[in-house]
Protein chains: 2
Amino acid sequence: MKIERKKVSMQVFDRIKEYIHEEKMKPGDRLPTEKQLSEMFGVSRTPVREALSVLEASGLTVSKQGGGSIVQETSLTNLIEETQFEFVDSKEVLNLLETRIILETEAARLAAERGTPDDKSQIKRNLEEIRKAQDDNRVGYKEDIAFHNAIAKASQNPILVHSVENLTTLYEKAIRFSLKKNMGVSEKRAQVLSEHERIYTAIRMGNGDQAKDEMDQHLRNACKKFKHSFDQALNS
Amino acid sequence: MKIERKKVSMQVFDRIKEYIHEEKMKPGDRLPTEKQLSEMFGVSRTPVREALSVLEASGLTVSKQGGGSIVQETSLTNLIEETQFEFVDSKEVLNLLETRIILETEAARLAAERGTPDDKSQIKRNLEEIRKAQDDNRVGYKEDIAFHNAIAKASQNPILVHSVENLTTLYEKAIRFSLKKNMGVSEKRAQVLSEHERIYTAIRMGNGDQAKDEMDQHLRNACKKFKHSFDQALNS
DNA sequence: TGTTGTATAGTTATCATACAAATCATGATA
DNA sequence: TATCATGATTTGTATGATAACTATACAACA
């Protein structure tokens, strides 16, 4: 049995998160000052500051000199910066996509078979958002992810939803980095949109097998595009 | 135009990343010491430490007291969140099993198709463990879980492995609680063992379709047994 | 030869203190 | 009321000291 030895700064990190939770702090609320926190936990300012640094890097808080630290609007997707993705290799992303295919094709089938009218109209709204993003000439990561998550939600299986969300947000973070390097994928966006539309149509019609098929093709194409753009990036 | 005022600690953070990149440092390599870094960038140790904290939190490096900071293998797998649910609701267990079916049937197929001889002999060892547990008249949760995880591992997809492990450990927790109430499942254990054996055989033969089928039946039977024992518990 | 104990230097983790810089709050003044 | 000055508060950085830990080398021992 390994002896647990955790850095004080990381314990403080956890405690501050707990604190935010327990006090039900909303975005905009001010945290106690560093001095107060250090007294609260009986440590010096140093580990408190390191904990706050990590919190800020994770997007949970913002510290302003003289102003204090305030909790921030936390969209789960920017939980940790995309910085570390410079070091992931393409194989990992393909593994991620492979796992997404396994989960999301079945999610699509279940969505078609069990989705309520509400679920389906939500999916439709997400589709509209994607279209809008495209009109605005934005890439629309968030909208894409939201579309996929909405389909998972229509499966009526919270565990499945959670698993899918886990992977899609991870994918977004990873892909966002790789797209920074080469933007030459925009011409494919029309194709992606029509894939999305076909998935939605199958779900709306309640055709599980077809929904699964369309999702399968859609994600396999994503694989291909990723490989292609990654190779391009390597050769540049 | 507002002057960009960036905290020194975050500039140091960026510079250290650059440094790792430029020096082409591999996982396992040691970073310069904090003292050296602070001299390198002409700042005090304080911001250097805060930068290192963030680096460590984002999984790029590990700092060990007395040992220095080393760059770490960064894999997407480390970034998957642990699913934290604390439920015992029967509906959730069925959802959990449904998700396991989706993932693990494909995992079994991939294990049959891609598993190395080492992987397969590991699965065999896990099977032996289950048998041994049964001989000792133990229930053998751990052995069961280990068997399923080993199959996932043989898929050669770390993301899939992690996802499966997430669900199996969750399942273990849930089932361990619910089985406390009714132990009347022991007579089915022989059947479970033969299911496990059939899964293994299919994987060993490299028959992906059959492996998937066997896993499917195995988990569906688990569903049935759970429903049955749950109903029993309700009527008692 | 190989293992175990010990000494030593190097390194990180934390503490305490001080000061600089930005922000905030208060009240005076126009 | 609105604006500005000013002092208090708070974060950012610097510095030095101490404790705890690691890695290494070397001696002692079996």
Side-chain angles (χ1 to χ4, degrees), chain A residues 1-17 19-20 23 25-74 81, chain B residues 1-17 19-20 23 25-73:
Chain A
M1 183 61 178
K2 219 171 176 179
I3 290 181
E4 171 165 355
R5 286 177 40 238
K6 217 173 173 183
K7 280 194 278 192
V8 175
S9 56
M10 284 307 107
Q11 296 186 43
V12 171
F13 173 76
D14 290 333
R15 294 288 296 272
I16 295 179
K17 274 196 301 184
Y19 182 88
I20 293 176
E23 302 289 319
M25 298 185 74
K26 306 269 179 201
D29 292 352
R30 265 186 54 170
L31 251 65
T33 69
E34 296 178 354
K35 191 157 181 288
Q36 288 171 327
L37 287 170
S38 64
E39 283 164 1
M40 226 162 116
F41 303 131
V43 299
S44 79
R45 248 186 87 200
T46 311
V48 170
R49 281 193 56 77
E50 285 171 12
L52 287 173
S53 294
V54 175
L55 277 170
E56 182 167 14
S58 320
L60 252 117
T61 65
V62 192
S63 305
K64 265 201 290 197
Q65 184 171 179
S69 297
I70 63 177
V71 327
Q72 205 183 17
E73 186 76 46
T74 165
E81 290 182 30
Chain B
M1 180 62 179
K2 207 173 171 185
I3 289 184
E4 181 70 25
R5 285 200 58 88
K6 217 174 173 181
K7 280 193 278 191
V8 175
S9 57
M10 284 306 108
Q11 295 185 43
V12 172
F13 173 76
D14 289 333
R15 293 289 296 274
I16 295 180
K17 273 196 304 177
Y19 181 87
I20 293 176
E23 302 288 320
M25 298 184 74
K26 307 263 181 208
D29 290 354
R30 268 184 52 168
L31 251 63
T33 69
E34 296 179 353
K35 191 158 185 285
Q36 288 171 328
L37 287 171
S38 65
E39 283 165 0
M40 230 161 111
F41 303 132
V43 299
S44 80
R45 257 188 75 203
T46 311
V48 170
R49 280 194 55 77
E50 286 170 11
L52 286 174
S53 294
V54 176
L55 277 170
E56 182 167 14
S58 46
L60 258 166
T61 65
V62 191
S63 304
K64 266 202 288 198
Q65 183 172 177
S69 297
I70 62 178
V71 328
Q72 205 187 16
E73 186 89 47

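Quick note on labels: first sequence line is chain A, next is B, and so on, each numbered from 1.
Atom P of nucleotide C/dT12 and atom CD of B/Gln65 are separated by 10 Å, given to the nearest angstrom. One interatomic measurement links the two molecules: NZ of A/Lys7 to P of C/dC15, which rounds to 13 Å at whole-angstrom precision. Following rounding to the nearest Å, A/Ile70 (CD1) and D/dT11 (P) show an atom-to-atom distance of 12 Å. Taking atom CE of A/Met10 as the reference point, atom P of C/dT14 lies 9 Å away to the nearest angstrom. D/dT13 atom P lies 16 Å from atom CD of B/Glu34, rounded to whole Å. Between B/Lys35 atom NZ and C/dA13 atom C1' there is a gap of 17 Å when expressed in whole angstrom units. Residue B/Glu56 contributes atom CD, which lies 11 Å from atom C1' of C/dT12 at whole-angstrom precision. What separates CG of A/Leu37 from C1' of D/dT10 is a distance of 12 Å, to the nearest Å.
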Close N/O contacts between protein and nucleotides 5-8 of chain D (under 3.5 Å):
none

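Nearest heavy-atom pair across A/Val48 and A/Glu34 is CG1-O, 4.1 Å.
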Report the C-alpha separation of B/Leu60 and B/Gln72 in whole Å, then their side-chain angles, then the decisive distance to 0.1 Å, and conclude whether the side-chain contact (heavy atoms from CB on, under 4.5 Å) test is met.
-> CA-CA 5 Å; B/Leu60 258 166; B/Gln72 205 187 16; over 6 Å; no

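Checked against B/Ile16 for a side chain to side chain contact (heavy atoms under 4.5 Å, CB included), the options B/Leu55, B/Val71, B/Val54 give a single hit: B/Leu55.
Contact of the B/Leu37 side chain with the B/Arg15 side chain is not registered, since no non-hydrogen atoms from C-beta on lie closer than 4.5 Å. Counting heavy atoms from C-beta outward, A/Tyr19 and A/Pro32 have side chains that approach closer than 4.5 Å. Within the 4.5 Å cutoff, side-chain heavy atoms of A/Asp29 are placed close to those of A/Lys26. Between A/Ile70 and A/Arg30 the shortest side-chain heavy-atom distance falls below 4.5 Å.
We find that B/Glu50 and B/Lys7 are not joined by a salt bridge, their nearest charged nitrogen and carboxylate oxygen being 4.0 Å or further apart.
A distance of 11.5 Å separates CZ of B/Arg49 from OG of B/Ser38, quoted to the nearest 0.5 Å.
Phosphate proximity of D/dT11 to A/Lys64: absent, as no side-chain N or O sits under 4.0 Å from OP1 or OP2.
Closest to the side chain of A/Thr33, from the set C/dT14, C/dT11, D/dT10, is D/dT10.
Non-hydrogen atoms lying under 4.0 Å from DNA chain C are contributed by B/Arg45, B/Arg49, all within residues 41-53 of chain B.
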